Enquirer: 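Quick one: structure below, then a few questions.
Since this is a predicted model, take the numbers as computed values, not measurements. Each chain gets a letter, A, B and so on, in the order the sequences are listed, and its residues count up from 1.
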Protein chains: 2
Amino acid sequence: MSRQSGPTIKDVARLADVSIATVSRVINHNGYISPKTNKSVQDAIKQLGYRLPRHLRDQHQTEKRIEVILPSITNPLYAELYEYIEQRMTEENYKAFLHFDKGDEHALDDYVMDIKHGTVAGVIVSSPLKTVGTINYDNLPIITFDRYIDKIPLVKCDNLEGGKKIAEKVLSLGKKKILILSGNRQDFYPLNNRIKGMLSVFNTYNIDVETNYINFVSAPIERRIQITQAITQPKYDAICCTDDITALLVKDWTVKLGYQPLVTGFDGSSFIQNFFPDLITVRQPTEEIAKLLCDLLIEKINHPSHHFEHEYLLPVTLLD
Amino acid sequence: MSRQSGPTIKDVARLADVSIATVSRVINHNGYISPKTNKSVQDAIKQLGYRLPRHLRDQHQTEKRIEVILPSITNPLYAELYEYIEQRMTEENYKAFLHFDKGDEHALDDYVMDIKHGTVAGVIVSSPLKTVGTINYDNLPIITFDRYIDKIPLVKCDNLEGGKKIAEKVLSLGKKKILILSGNRQDFYPLNNRIKGMLSVFNTYNIDVETNYINFVSAPIERRIQITQAITQPKYDAICCTDDITALLVKDWTVKLGYQPLVTGFDGSSFIQNFFPDLITVRQPTEEIAKLLCDLLIEKINHPSHHFEHEYLLPVTLLD
DNA sequence: CTGAAAGCGCTAACAT
DNA sequence: ATGTTAGCGCTTTCAG
């Protein structure tokens, strides 16, 4: 094996005139060390610019790793969520690592192995990953944001309530002919809670409502095309989208088409709040979601066999 | 040391009835292995769900790491840049890791050590990090996006040209009284090239131009406040901002103030192009920047002593 | 409080 | 083509 070129504890030990065991101890604040040797070792470390190599940092859990798997950070919702997660995890002395879902449904297996190898402390997922039959996920330190994966605890906002609030708002504005547009095929069937919430209200008032979806594609350009196909004529009073990005695209398209229905979104990231303050949408409490995800995960890391709910619901706010 | 709980190559070896060396060879596609043993080993690996632990994956460079240090991904420009970097690095069989600049100016040192330990392959930075005197950065696999850090090669778009294009556009629209507003104090002094470009054009035509800046703060809310302080009266024909986010904030504020100067931005991320198609701005070629960053870095990893320019300039497009 | 030494899971000569 | 064995840099008993 090629010898590492940076300084090792051996070098530090030699310089400080102690054994490598002692150096190890001061690095890990382990066992007792006399103030005197401590100082001389610290000095040697500084002088040589010594640092524990990464691979040993996670072999020995010096740096507790959390893997975060997201579909993309191009959507401000996820970008913000990740930044909050990263912040909180840092506060709690963990280190977050971001991964994108590459369409490999079995990606989770690898992380599970890493957990078993003791080399990652926990995982946060918000991608539609699959579970593998032979593994028991019950006591594993994994938490999900808004995705159902087997028995893994899930955190999400109250989508049903959000859908209702949107619908009520739309009704209060006197809209009668409505399209519910899902920005995502998966969410369309089985019907997701946002749509269910909207429908429950609309149906109560016998409102004329249609539903449609566009296939999920991350590139806005392609979504655009699908939207133009879904909305060809100005026949709706209001178009209720299941996410903000779709809403913005719809808004843009309808303007071009020369008609201006009410368009509503869903998610309400800070970015959207700041730069599209006029969009009627529902705010997912990103910061609170991140906090809860982290806190639950850490709880699960420390007490694998504690009882966890299958679902944690966070309240939602209408932005109008 | 606590024994790792996942299966090890030892287990695989036992099951496949070969030596651990053989298992190691099939894992690393090293040396010669008979098709027969290969198969039995592969089977054993599958059966046990064996996986090379992370720490060994990077100890032995099985997975070549690239560390990417960014200020934030809350700005779509950086979010997109990172996604492109991540994509390209994956294509090239590297694995990208995202880190946020935590205000620790000496963060680079740690990465340098990791490089020397052979445990990270390269680094891409876009944060104002400091360099440490004792280290020679010349042949180190580090590349910068739009930041001057000592002798590290830098990739950026042609900010000077971008500034000129913006100014020409503004003039062509007949604007006479202009404010150049920097969204970032650091960029204001020493004057950055975007502003220099604008000024060079405005001055040629003897246009009445003022300059101002707001202190950089990532939270848009705080920026808002600063903007309201910078722009209290409708005295400008046009306000040229050095980034899109600031431009959006300014636009929003001026509307509220009841006057509508021409507002221009800078960056032109896909997000902005898609959702603010009306904003006059300059497009940084994010994808090309990412590609160049990656390609140069990989070149530098493989040929540390090749000659590299100090600066690589990518062309810019006016979006109007 | 500190050092010697065994061991971690793996890779890489060196044999055969 | 495969096994044996000596490391790798560090942590962790176990003595003293």
Enquirer: Atom NZ of A:Lys10 to atom P of D:dT11: distance rounded to whole Å?
Expert: 14 Å
Enquirer: From D:dC10, C:dC10, D:dC8, pick the nucleotide closest to the side chain of B:Gln59?
Expert: D:dC8
Enquirer: Nearest-Å distance, NE2 (A:His55) to C1' (C:dC10)?
Expert: 11 Å
Enquirer: Is the phosphate of D:dT4 approached by B:Ser19 (side-chain N or O, under 4.0 Å from OP1 or OP2)?
Expert: no
Enquirer: In terms of side-chain heavy atoms of B:Thr8, which of C:dT11, D:dC10, C:dG9 is nearest?
Expert: C:dG9
Enquirer: If you check the B:Val18 side chain, which of C:dC10, D:dG3, D:dG9 turns out closest?
Expert: D:dG3
Enquirer: Across the strands shown, which category fits B:Thr22 at heavy-atom distances under 4.0 angstrom: base, sugar-phosphate, nothing?
Expert: sugar-phosphate
Enquirer: Under a 4.0 Å N-O cut-off, is there an ion pair linking A:Asp43 with A:Lys46?
Expert: no
Enquirer: Is the cationic atom of A:Lys151 (NZ for Lys, CZ for Arg) positioned less than 6.0 Å from the six-membered ring centroid of A:Tyr137 and within 45 degrees of its normal?
Expert: no
Enquirer: Do A:Asp58 and A:Thr119 get their side chains close enough for a donor-acceptor pair, meaning under 3.5 Å?
Expert: yes
Enquirer: Could you tell me whether B:Val23 contacts a base, only the sugar-phosphate backbone, or nothing, with contacts defined as non-hydrogen atoms closer than 4.0 Å?
Expert: nothing
Enquirer: Nearest whole Å is fine: how far is C:dT11 P from B:Leu56 CG?
Expert: 7 Å
Enquirer: Let me know the distance between CZ of A:Arg25 and C1' of C:dT2, rounded to the nearest Å.
Expert: 6 Å
Enquirer: In plain terms, say whether B:Arg51 and A:Asp109 are close enough for a salt bridge, that is, a side-chain N and a carboxylate O under 4.0 Å apart.
Expert: no
Enquirer: Side chain to side chain contact (heavy atoms under 4.5 Å, CB included) for B:Leu154 and B:Tyr148? Distances and angles first, verdict last.
Expert: CA-CA 7 Å; B:Leu154 169 160; B:Tyr148 289 96; 3.5 Å; yes
Enquirer: Report the relative orientation of the aromatic rings in A:His306 and A:Phe308; use parallel for angles under 30°, tilted for 30 to 60°, perpendicular for over 60°.
Expert: tilted
Enquirer: Where the side chain of A:Ser24 meets the backbone of A:Ile20, is there a donor-acceptor pair that is under 3.5 Å apart?
Expert: no
Enquirer: How close or far is atom P of C:dG3 from atom CZ of A:Arg14, stated in whole angstroms?
Expert: 15 Å
Enquirer: Would you kindly check if the NZ (Lys) or CZ (Arg) of A:Lys102 is within the cone defined by 45 degrees around the ring axis of A:Phe100 and under 6.0 Å from the six-membered ring centre?
Expert: no
Enquirer: To the nearest 10°, give me the bend of the helix from C:dC1-D:dG16 to C:dT16-D:dA1, comparing the axes of its five terminal pairs at either end.
Expert: 30°
Enquirer: Is it the case that atom CG in A:Asp17 sees more than 12 heavy atoms from other parts of the structure closer than 6.0 Å?
Expert: no
Enquirer: In whole angstrom, what separates B:Asp17's CG from D:dT2's C1'?
Expert: 12 Å
Enquirer: Expressed as a whole number of angstroms, how long is the span from A:Arg57:CZ to D:dG9:C1'?
Expert: 14 Å
Enquirer: Going by the rule side-chain contact (heavy atoms from CB on, under 4.5 Å), which residues pair with B:Leu313 if we only count those two or more places apart in sequence or in a different chain?
Expert: B:Lys156, B:Asp158, B:Glu311
Enquirer: Send over the distance from B:Ile20 CD1 to D:dG7 P, rounded to a whole Å.
Expert: 15 Å
Enquirer: Is A:Ser24 close enough to D:dC10 that one of its side-chain N or O atoms is under 4.0 Å from OP1 or OP2 there?
Expert: no
Enquirer: At a heavy-atom distance below 4.0 Å, what parts of residues 26-48 of chain A sit against DNA chain D?
Expert: A:Asn28, A:Asn30
